[in-house]
Visitor: 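Before I ask anything, here is the structure I am working with.
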Amino acid sequence: MAFSETDASGRFHYTSALKWAENAEHELYRAAGLPIVGFPRRAVSATFERPFVDGDEYVVELAVKRLGNSSISYTWRILDGDAVAVTGAHTVVHLDGSGRPAPVPQALKDVLEKLTAEVP
């Protein structure tokens, strides 16, 4: 974790966890060969179990909770070693070029279906 991801207390700023989960999500889109646009958030939640401080390393585990026609619900955990530091979830909606909900691209569905079996 970088110093810029901390708050005035020296612990990680809560928004960093959301960015870390989003970065993991974006890796899925890259794996499917898709651009990282057109998936705005519809809902976000997080529970903070333990703090990180500058220099701590973390791992993000991301899983698909629900794959709908035009939306995807993810669950995620951020680990500090073996300990869970943050649990969270977010839902995105796929939009077409005009900004209207559209079916999730098949290439992404193919990648995501592999992740629906295990939800952290």
Side-chain angles (χ1 to χ4, degrees):
M1 179 177 58
F3 179 75
S4 63
E5 297 170 312
T6 63
D7 63 15
S9 74
R11 292 181 170 91
F12 77 103
H13 192 272
Y14 74 95
T15 60
S16 294
L18 304 177
K19 292 175 188 175
W20 300 335
E22 183 175 66
N23 288 340
E25 175 193 353
H26 290 174
E27 285 300 316
L28 294 175
Y29 300 153
R30 286 186 193 97
L34 296 170
I36 305 171
V37 296
F39 293 93
R41 277 34 186 161
R42 184 174 186 281
V44 177
S45 66
T47 302
F48 302 90
E49 308 291 342
R50 59 185 300 141
F52 284 102
V53 295
D54 179 32
D56 283 352
E57 295 195 17
Y58 61 88
V59 173
V60 178
E61 294 179 341
L62 181 74
V64 176
K65 182 176 181 181
R66 182 180 172 281
L67 180 54
N69 182 49
S70 63
S71 66
I72 308 163
S73 295
Y74 295 99
T75 60
W76 41 271
R77 301 186 319 167
I78 300 176
L79 305 174
D80 177 8
D82 291 333
V84 176
V86 185
T87 57
H90 67 272
T91 299
V92 298
V93 176
H94 181 246
L95 302 180
D96 64 17
S98 67
R100 300 192 49 84
V104 173
Q106 189 61 48
L108 181 56
K109 280 186 173 184
D110 292 344
V111 170
L112 296 178
E113 286 172 350
K114 298 173 188 173
L115 300 175
T116 57
E118 294 185 30
V119 177

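Just so you know, these numbers come straight off a predicted model, no measurement behind them.
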Visitor: For a 4.5 angstrom cut-off between non-hydrogen side-chain atoms, does Ile72 reach Arg66?
Guide: no
Visitor: Check the pair Leu18 / Val44 against side chain to side chain contact (heavy atoms under 4.5 Å, CB included), numbers first and verdict last.
Guide: CA-CA 8 Å; Leu18 304 177; Val44 177; 3.6 Å; yes
Visitor: Are any of the side-chain heavy atoms of Ile78 and Val59 separated by less than 4.5 Å?
Guide: no
Visitor: May I have all residue pairs that pass salt bridge (Lys or Arg N to Asp or Glu O under 4.0 Å) and include part of residues 84-95, sequence neighbours excluded?
Guide: none
Visitor: Linking directly or through intermediates, with side-chain heavy atoms under 4.5 Å: list the remaining ILVMFWY members grouped with Leu95, chain and number order.
Guide: Val93
Visitor: Please name all residues satisfying ring-ring contact (aromatic ring centres under 6.0 Å, His included) with Phe39, sequence neighbours left out, ordered by chain then number.
Guide: Tyr29, His94
Visitor: Could you go through residues 97-111 and list every donor-acceptor pair under 3.5 Å that involves a side-chain atom there, pairing it with any protein atom two or more places apart or in another chain?
Guide:
unit_1 : atom_1 : unit_2 : atom_2 : d
Ser98  : OG     : Asp96  : OD1    : 2.7
Gln106 : NE2    : Asp110 : OD1    : 2.8

Visitor: Which residues pass the salt bridge (Lys or Arg N to Asp or Glu O under 4.0 Å) test with Glu27, not counting sequence neighbours?
Guide: Arg30
Visitor: Would you give me the side-chain donor-acceptor pairs under 3.5 Å for residues 83-92, sequence neighbours excluded?
Guide:
unit_1 : atom_1 : unit_2 : atom_2 : d
His90  : ND1    : Trp76  : NE1    : 3.0
His90  : NE2    : Glu25  : OE1    : 2.9
Thr91  : OG1    : Ser73  : OG     : 2.9

Visitor: To the nearest 0.5 angstrom, please state how far the OH atom of Tyr14 sits from the CZ atom of Phe48.
Guide: 8.0 Å
Visitor: Write down the atom of Pro51, the atom of Asp56, and the distance for their closest heavy-atom approach.
Guide: O-OD2, 4.4 Å
Visitor: Would a 4.5 Å heavy-atom cut-off, applied to side chains only, mark Tyr74 and Leu112 as touching?
Guide: yes
Visitor: When rounded to the nearest 0.5 angstrom, what distance separates CD in Glu22 from CD1 in Ile36?
Guide: 9.0 Å
